[in-house]
There are 2 protein chains.
Amino acid sequence: MNTEPYLEDFKRILKKENLRYTSQRVEILKEIASSNHHLECEDIYFSLREKGVDASLATIYRTMDLLVKHQFVRKLNIGEGRARYENKIDGEHHDHLICTECGNIIEFVENDIEVLQEEIGKKYGFKLTKHIHQLYGICEDCQNETD
Amino acid sequence: MNTEPYLEDFKRILKKENLRYTSQRVEILKEIASSNHHLECEDIYFSLREKGVDASLATIYRTMDLLVKHQFVRKLNIGEGRARYENKIDGEHHDHLICTECGNIIEFVENDIEVLQEEIGKKYGFKLTKHIHQLYGICEDCQNETD
DNA sequence: GTTGTTGCAAACAATTTGCATATTC
DNA sequence: GAATATGCAAATTGTTTGCAACAAC
């Protein structure tokens, strides 16, 4: 169904910015919206491809910028190399705990930290816009494997 | 003076790993150690160059890996693109508050957050090794400029 | 003298861009 | 029909790597 509310929002935003509501943009957004993983542009490229939807990598990169700008997705810079993107449409804010051995990502929410962050922003006179908070370590499974 | 204790440490570590104590490595480490900024490899390359010290960019990249591994520096992935490195030799741990307008970086320390992080690690059975915590926003000066 | 290191240039990987063609409004 | 998007291939950027010459041990 193309009547998901986020698609309506997207349409409205595009119109306001004089941008076009193209099938590629819609498919890319739907792909992200229906996933709760942390996707790279290539992941999206291949998922769409499998579904018979063609969108070039260039278009995906271009669209991701647009989606980040309008808060549909969040760009993550886990580890190095490629960027990852996560659905930000529904679902509450969270941060990430990353296993450096197996790459597994756990999402965590810690309201006390959020509050402290706000206080730090205030203390230094910053108007905060976003934050990156990633904890890196070795998960239980990987710790056991090393034995 | 080449008798700074960290240089002695460095020498010892290199020996233990069967690596050589070369002038390039020493100069690169000294350059970082004497700075309290967040340097890119290119910054180091040019600073050394100005001082008449020649070290290729490739060597700097290689040395940074070594220094990160042995905890002399911390690698930061602020914003995107190039990596930055900061002196970790003395000075206590801190995180960063970054102005997205002017690029200014403020270092902050918030022990309560550190404690909460540990608790999260424990909760999920992780042995934490490092973390990235960056707050992004607009600093006081830049907020005023927009008027 | 052996082994690890450097510098250079070429290789790489992720991302961006220019431009002709296609699509939306 | 005018204006924006797309796909492609080429360009760019940060970083890594192979290898011959060089330096540390």
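Worth knowing before you read on, the calculation uses all heavy atoms, side chains too, and leaves out hydrogens, waters and symmetry mates.
- Hydrophobic cluster of A/Val109: no remaining members, since no ILVMFWY side chain lies below 4.5 Å from it.
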List the atom pairs, donor and acceptor, that lie under 3.5 Å between side-chain atoms in residues 89-96 of chain A and the rest of the protein, sequence neighbours left out.
unit_1  : atom_1 : unit_2   : atom_2 : d
A/His93 : NE2    : A/Asp95  : OD2    : 3.3
A/His93 : NE2    : A/Glu114 : OE2    : 3.2
A/His93 : NE2    : A/His131 : NE2    : 3.0
A/His94 : ND1    : A/Glu92  : O      : 3.3
A/His94 : NE2    : A/Glu86  : OE1    : 3.1
A/His94 : NE2    : A/Glu86  : OE2    : 3.2
A/His94 : NE2    : A/His96  : NE2    : 3.4
A/His94 : NE2    : A/Glu107 : OE2    : 3.3
A/Asp95 : OD1    : A/His131 : NE2    : 3.3
A/Asp95 : OD2    : A/His131 : NE2    : 3.2
A/His96 : NE2    : A/His38  : NE2    : 3.2
A/His96 : NE2    : A/Glu86  : OE1    : 3.0

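- Counting to the nearest Å, the P atom of C/dA22 and the OH atom of A/Tyr21 are 24 Å from each other.
- Between B/Glu42 and B/Arg49 there is no salt bridge, since no side-chain N of the basic residue sits under 4.0 Å from a carboxylate O of the acidic one.
- Look at NZ on B/Lys16: it is 17 Å from P on D/dC25, rounded to the nearest Å.
- Applying the ring pair (Phe, Tyr, Trp, His ring centres under 6.0 Å) rule to pairs touching residues 39-63 of chain B yields nothing, sequence neighbours excluded.
- Every side-chain contact (heavy atoms from CB on, under 4.5 Å) that B/Lys51 has, sequence neighbours left out, goes to B/Glu31, B/Val53.
- Between B/Gln24 and C/dG7 there is a side-chain N or O to OP1 or OP2 distance below 4.0 Å.
- B/Thr22 has no side-chain polar atom (N or O) that falls below the 4.0 Å cut-off from OP1 or OP2 of C/dG4.
- A/Lys15 has its NZ atom 11 Å from the C1' atom of C/dT24, to the nearest Å.
- Atom C1' of nucleotide D/dG7 and atom OH of A/Tyr45 are separated by 10 Å, given to the nearest angstrom.
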| request: Using a 4.0 Å cut-off on protein heavy atoms (strictly under), produce a 5'-to-3' string for nucleotides 11-16 of chain D with B for base contact, S for backbone-only sugar-phosphate contact, and - for none. | output: ---SSB

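- In this structure, the CE atom of A/Met64 is 11 Å from the P atom of C/dT15, given to the nearest Å.
- Whole-Å rounding puts the B/Leu14 CG to C/dT5 C1' distance at 12 Å.
- Using a 4.0 Å cut-off, no side-chain N or O of B/Thr59 falls inside it from OP1 or OP2 of C/dT5.
- Under the 4.5 Å side-chain contact rule for hydrophobic residues, A/Leu19 and A/Ile32 share a cluster.
- Look at CG on B/Leu66: it is 14 Å from P on C/dG4, rounded to the nearest Å.
- Not counting sequence neighbours, A/Asn36 has no partner by the side-chain contact (heavy atoms from CB on, under 4.5 Å) test.
- Scanning for side-chain contact (heavy atoms from CB on, under 4.5 Å) contacts around B/Ser34 gives an empty result, with sequence neighbours left out.
- For B/Ser56, the side-chain contact (heavy atoms from CB on, under 4.5 Å) test picks out B/Ala58, B/Thr59, with sequence neighbours left out.
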Is there any protein nitrogen or oxygen under 3.5 Å from a nitrogen or oxygen in nucleotides 1-4 of chain D, and what are the pairs?
unit_1 : atom_1 : unit_2  : atom_2 : d
D/dA3  : N3     : A/Arg20 : NH1    : 2.6
D/dT4  : O4'    : A/Arg20 : NH1    : 3.1

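- Rounded to whole angstrom, the span from the CG atom of B/Asp54 across to the C1' atom of D/dA23 amounts to 16 Å.
- In this structure, A/Ile106 belongs to a hydrophobic cluster whose other members, linked by side-chain heavy atoms under 4.5 Å apart, are A/Leu97, A/Phe108, A/Ile113, A/Leu116, A/Ile120, A/Tyr124, A/Phe126, A/Leu128, A/Leu135, B/Leu97, B/Ile106, B/Phe108, B/Ile113, B/Leu116, B/Ile120, B/Tyr124, B/Phe126, B/Leu128, B/Leu135.
- Every residue two or more places apart in sequence or in another chain that forms a ring pair (Phe, Tyr, Trp, His ring centres under 6.0 Å) with B/Phe10 is listed here: B/Phe72.
- The overall bend of the helix from C/dG1-D/dC25 to C/dC25-D/dG1, read as the angle between its terminal helix axes built from five base pairs each, is 30° when rounded to 10 degrees.
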